[in-house]
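Residue numbers count from 1 along this sequence. What's counted below: heavy atoms across the whole structure, side chains too, no hydrogens, waters or symmetry copies.
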Amino acid sequence: MALNRDRALDEIKAAIGPEFGHSTAVGFRVYRGSIVAVCQDGTILPAASANPPSPMVAIAGVCRDFRDNTGTGVVSDMVGDEPVHVMRRTFALPFDVAPTWANLNAPVYAVDDETVTLTENAGTEAAPVNRLQVGTLIGFDLSGTPYVKIG
């Protein structure tokens, strides 16, 4: 599953990491609220994307804005490779399998640009596919919603 529109995330106010502007990789679009990876060339794209223009090296954070660099969008200020800022904060991110308090302080990995998991390896023993770490599970609110600190 991957995002096909912007989303708003619940956030716990805590120390905020620095925000950096990145260009969106050619041929990709990122949505506000999407988890994005940074490539070796410094561009960003949705986490776990296939065929990146250069190798994905890390999770950059969560996009502050939408940006379409596919070359197929309507001309606007949200189209092209103008920088989009990426937030490094504490967010309520959806998990593929619900974590528990036993997972507190565990590393959290990107499944795609909206979902996270506690499982690093997405492949098989013979062909491992290591996911990029998004952050750390730092706690749950009173309703049981898990929060991930990025950065």
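In this structure, CD on Glu114 lies 9.5 Å from OG on Ser34, to the nearest 0.5 angstrom. With rounding to the nearest 0.5 Å, the separation of CD1 in Ile138 from CG in Asn105 is 8.5 Å. Interatomic distance, Cys63 SG to Tyr31 OH, rounded to the nearest 0.5 Å: 11.5 Å. To the nearest 0.5 Å, the span separating CD1 on Ile44 from OG1 on Thr24 amounts to 4.5 Å. Between the CZ atom in Arg32 and the CG atom in Leu3 there is a gap of 11.0 Å [rounded to 0.5 Å]. For the atom pair CD1 of Ile59 and CD1 of Ile150, the computed distance is 8.5 Å after rounding to the nearest 0.5 Å.
Here the side chain of His22 pairs no donor or acceptor atom with the backbone of Val38 at under 3.5 angstrom. With Arg67 contributing its side chain and Pro83 its backbone, the two residues share a donor-acceptor pair below 3.5 Å. Counting only distance, with no hydrogens or angles, the side chain of Arg88 and the backbone of Ala60 share a donor-acceptor pair below 3.5 Å. Within the 3.5 Å criterion, the main-chain N or O of Pro46 finds no donor-acceptor partner in the side chain of Asp113.
Under a hydrophobic-cluster definition in which Ile, Leu, Val, Met, Phe, Trp and Tyr are linked whenever side-chain heavy atoms come within less than 4.5 Å, directly or via other members, Trp101 and Leu93 are assigned to the same cluster. Linking Ile, Leu, Val, Met, Phe, Trp and Tyr whenever their side-chain heavy atoms come within less than 4.5 Å leaves Val62 and Val30 in two separate clusters. Transitive grouping of hydrophobic side chains (ILVMFWY, heavy atoms separated by less than 4.5 Å) keeps Phe20 and Val84 in distinct clusters. Using a 4.5 Å cut-off between side-chain heavy atoms of Ile, Leu, Val, Met, Phe, Trp and Tyr, with links allowed through other members, Leu9 and Val108 fall into the same hydrophobic cluster.
Take Pro99 and apply the side chain to side chain contact (heavy atoms under 4.5 Å, CB included) test, not counting sequence neighbours, and it matches Phe95, Asn103, Leu118, Leu137, Phe140, Pro146. Partners of Val26 according to the side chain to side chain contact (heavy atoms under 4.5 Å, CB included) rule, which considers only residues two or more places apart in sequence or in another chain, are Asn69. Residues meeting the side chain to side chain contact (heavy atoms under 4.5 Å, CB included) test with Arg131, sequence neighbours left out: Tyr109, Val111, Thr117, Thr119, Ala122. Partners of Thr43 under the side chain to side chain donor-acceptor pair (under 3.5 Å) rule, at least two apart in sequence or in another chain, are Asp41. Taking the side chain to side chain contact (heavy atoms under 4.5 Å, CB included) definition, one finds that Thr145 meets it with Ala92, Asp141, Ser143, Tyr147, sequence neighbours left out.
Taking each heavy atom of Cys39 and Leu45 in turn, the nearest pair found is SG-CD2, 3.7 Å. When all heavy atoms of Met56 and Ala37 are compared, the closest pair comes out as SD-CB, 3.6 Å. Scanning both residues, Phe28 and Pro53, for their nearest heavy atoms gives CE1-CD, 3.9 Å.
When the shell of 6.0 Å around CG of Asn51 is examined, it contains 12 or fewer heavy atoms from other residues, nucleotides or ligands.
For the pair Ile35 and Val134, the minimum side-chain heavy-atom distance is below 4.5 Å. Put simply, the side chain of Phe91 does not reach to within 4.5 Å of the side chain of Val148, judged on heavy atoms.
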